[in-house]
Amino acid sequence: MRRNARNGKVPVGDTYMSYAAFGQGEKAFVILPGLSDGLATVEGKAILLAKPYEMFFDRYTVYMFSRKDRMPEGYSIKDMADDQAEAMRALGMAKAFVMGVSQGGMIAQCLAADHPELVEKLVLAVTAPCVNDTVRSGIAEWLEAADAGDHRRLMISTAEKSYSEAYLRKYRKLYPILRFVGKPSDYGRLRANAGAILNFGGAGDLGKIRCPVLIVGGSEDKIVGAAASRELHEMIPGSELYIYEGLGHAAYEEAKDFNACVLEFLERGND
């Protein structure tokens with residue numbers, strides 16, 4: 001068993017938020033995943049999710065959160081950030097290190113801007129300051145596949161837009177089985193998350209973020225666009241920017257040094 005891997009639920013309003021936790025460090029490291037959370041939550045998956053984060057375990061307890069179980073109509077990115085703040089407070093997090101990936105990065109921007117007392121440092125990975133044409137195009141394609149019940153098409157489109165050509169050459173042979181991978185009983189949760197992204201006009205208060213910020217992007221990102229990370233960097237005073245050349249939206253998975261770079265950023269100046 002991964003060290004102290006455990007699953008939990010925290011009450012949020014009239015529903016709950018699932019999380020997976022692992023590690024034994026005194027500091028809290030909160031991870032907010034992307035739109036994939038609309039297909040499969042982290043519920044019950046702590047042992048499966050823990051391995052990539054083992055280097056954090058001595059100094060951090062890592063929490064990976066899903067969005068809350070029941071999402072009302074019109075649920076927005078800002079609403080998600082407010083609920084995330086409520087969940088963190090309920091778990092006794094006075095201040096945490098936060099990383100948001102893709103849609104999770106949009107939520108993390110709002111969390112740091114609107115609830116600065118909860119965020120020690122912020123990592124924004126392969127995300128954007130607002131919805132743009134690249135994001136709209138991808139989501140439209142995925143929702144069309146979901147409406148048709150074509151899960152294989154949905155998964156192939158996601159893979160083709162996320163990974164580098166070198167990676168895809170190795171794994172395209174698995175495409176025939178993708179219609180079975182992570183298929184939900186319905187796509188309501190995906191639609192709710194996608195709707196929040198499509199209505200995300202930006203945190204609006206990015207200039208209010210005062211904690212240290214690391215922005216990580218991929219030069220070939222086909223989901224949020226290659227320029228999105230640079231736009232965020234320009235809008236958040238004092239932020240750091242790192243672009244993985246030749247990688248796309250899945251840079252956080254493909255780059256072997258990604259978690260090491262994040263850990264170095266989190267630890268810098270803390271001793």
* Asked: Does Ile107 share a hydrophobic cluster with Tyr16, counting links as ILVMFWY side-chain heavy atoms below 4.5 Å and allowing steps through other members?
  -> no

* Asked: In Å, rounded to the nearest 0.5 Å, how long is the span from CE of Met17 to CG of Asp83?
  -> 5.5 Å

* Can you check whether Asn4's main-chain N or O pairs, donor with acceptor, with Arg6's side chain at less than 3.5 Å? -> yes

* When you check the gap from the basic side-chain N to the acidic O, do Glu165 and Arg172 get nearer than 4.0 Å? -> yes

* Asked: Is any side-chain heavy atom of Asn193 less than 4.5 Å from a side-chain heavy atom of Tyr75?
  -> no

* Asked: Between Arg230 and Glu234, is there a side-chain N and carboxylate O pair less than 4.0 Å apart?
  -> no

* Euclidean distance, Leu39 CG relative to Met155 CE, rounded to 0.5 Å -> 6.5 Å

* Any chance you could measure Phe265, atom CZ, to Phe97, atom CZ, to the nearest 0.5 Å? => 9.0 Å

* Carboxylate-amine/guanidinium contact Glu120 Lys27, below 4.0 Å -> no

* Asked: Do Ser229 and Leu241 come within less than 4.5 Å of each other through their side chains, counting heavy atoms only?
  -> yes

* Does Lys68 pair with Glu86 as a salt bridge, N-O distance under 4.0 Å? -> no

* Asked: Can you tell me if Ser66 uses its side chain to pair, donor with acceptor, with the backbone of Val42 under 3.5 Å?
  -> yes

* Looking at side-chain heavy atoms only, is the closest gap between Asn259 and Pro52 below 4.5 Å? -> yes

* To do: Could you tell me how the ring of Tyr53 sits relative to the ring of Phe56: parallel (under 30°), tilted (30 to 60°) or perpendicular (over 60°)?
  => tilted

* To do: Of all the heavy-atom pairs spanning Glu254 and Tyr163, show the shortest one and how long it is.
  => OE2-CA, 3.3 Å

* Short side-chain to backbone donor-acceptor contact, Ser219 and Gly246, under 3.5 Å -> yes

* Roughly how far apart are Arg210 CZ and Ile236 CD1, rounded to 0.5 Å? -> 10.5 Å

* Asked: Would one find more than 12 heavy atoms of other residues, nucleotides or ligands at under 6.0 Å from atom NZ of Lys45?
  -> yes

* To do: Output the distance between atom OG (Ser162) and atom CD (Glu220), rounded to the nearest 0.5 Å.
  => 13.5 Å

* Out of Leu266, Val30, Val262, which residue meets the side chain to side chain contact (heavy atoms under 4.5 Å, CB included) rule with Met99? -> Val262

* Is the shortest heavy-atom distance from the side chain of Arg59 to the side chain of Phe29 under 4.5 Å? -> no

* Gap separating the OG atom of Ser137 from the CD1 atom of Ile223, nearest 0.5 angstrom -> 10.5 Å

* To do: Using atom types as modelled and distance alone, determine if a side-chain donor or acceptor of Ser102 lies under 3.5 Å from a backbone N or O of Thr127.
  => no

* Check: Pro33 and Gln103 side chains under 4.5 Å, non-hydrogen atoms -> no

* Given side chains that start at C-beta, do those of Val126 and Val101 come closer than 4.5 Å, heavy atoms only? -> yes

* Asked: Is there side-chain contact between Tyr252 and Val216, with at least one heavy-atom pair below 4.5 Å?
  -> no

* Heavy atoms of other groups near Tyr171 OH, more than 12 under 6.0 Å -> no

* Flag the pair Arg153 and Glu144 as a salt bridge only when some basic side-chain nitrogen lies within less than 4.0 angstrom of an acidic carboxylate oxygen. => yes

* pair Pro184-His151: side-chain heavy atoms closer than 4.5 Å -> yes

* Single-linkage hydrophobic cluster, 4.5 Å side-chain cutoff, Phe258 and Tyr60 together -> yes

